[in-house]
Amino acid sequence: QKEVEQDPGPLSVPEGAIVSLNCTYSNSAFQYFMWYRQYSRKGPELLMYTYSSGNKEDGRFTAQVDKSSKYISLFIRDSQPSDSATYLCAMMWSGDDKIIFGKGTRLHILP
Amino acid sequence: DSGVTQTPKHLITATGQRVTLRCSPRSGDLSVYWYQQSLDQGLQFLIQYYNGEERAKGNILERFSAQQFPDLHSELNLSSLELGDSALYFCASSEGGQGIREQFFGPGTRLTVL
């Protein structure tokens, strides 16, 4: 079993829709949960990070962590064509700089 | 623009050859990380250096090596290249030190092994 599982997609949704992206993980030691966005031919950039369980909101983006289920989500409200990218979930445990990434979900927002 | 630079952007070489990828971190960042991204494996952590010293190792093959120089730039050396080494190689940098620090990724080097 991979440490982090993420559906590769592609996921196509119409502009304005709410997008839900998800990852599951197996290592209960993970404490920091992140979402990166990667545009084609670019490096990943950090969108949001959360510590432990709970929700975090930043503009149109909401990150949720459910440690009991080992499940994390990223919601995008009022999706825009500029949100079309690959979204990678990522995790770390305390005291270690190593980031474990999911394989990424390709998202297409259709105008 | 993350402030992390990587050269070259593209590299095409043959099996059995050796290449060197270069990374300059953001100004003031002490930690450098190397990642490999392929369709099969996704983004995989290879190795981390902090202020010139190796700090953490991930799924790095013995044919691969890295170093960080006194001016903090880093090089990733890939030798005895195989077709399966074709991938995007990213460098990231962070402030380093204790606690979680955001990693800023460079634009990557696309390596094609023929």
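Side-chain atoms are counted along with the backbone in the values below, which use heavy atoms only and exclude waters and symmetry mates. Note on naming: letters A, B, ... go to the chains in the order of the sequence lines (proteins, then strands), and numbering restarts at 1 for each one.
Checked by atom type and distance alone, the side chain of A/K98 never pairs as donor or acceptor with a backbone atom of A/M91 at under 3.5 Å.
Remark: the B/S38 side chain and the B/D40 side chain contain no N/O donor-acceptor pair separated by less than 3.5 Å.
For B/F104, no part lies near chain A; criterion is any non-hydrogen pair under 4.5 Å. Only the backbone of B/K57 comes within less than 4.5 Å of a heavy atom in chain A; its side chain stays farther off. Neither the backbone nor the side chain of B/Q6 comes within contact range of chain A, judged by heavy atoms closer than 4.5 Å. Of the atoms belonging to A/Y36, it is side-chain heavy atoms, and not backbone ones, that fall under 4.5 Å from chain B. Contact annotation for A/Q38: only side-chain heavy atoms (C-beta onward) come within less than 4.5 Å of a heavy atom of chain B.
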Quiz prompt | Trace of the side-chain hydrogen bond (donor to acceptor under 3.5 Å, both in side chains) decision for B/Q48 with B/S31 | solution = CA-CA 7 Å; B/Q48 178 202 359; B/S31 265; 3.0 Å; yes

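Among A/I100, A/L88, A/L46, the residue with the largest count of heavy-atom pairs under 4.5 Å with chain B is A/L46.
Counting all heavy atoms, side chain and backbone alike, A/R77 lies closest to A/F61 at NH2-N, 4.3 Å.
In summary, the aromatic rings of B/Y33 and B/F105 are positioned with their centroids too far apart to meet the 6.0 Å limit.
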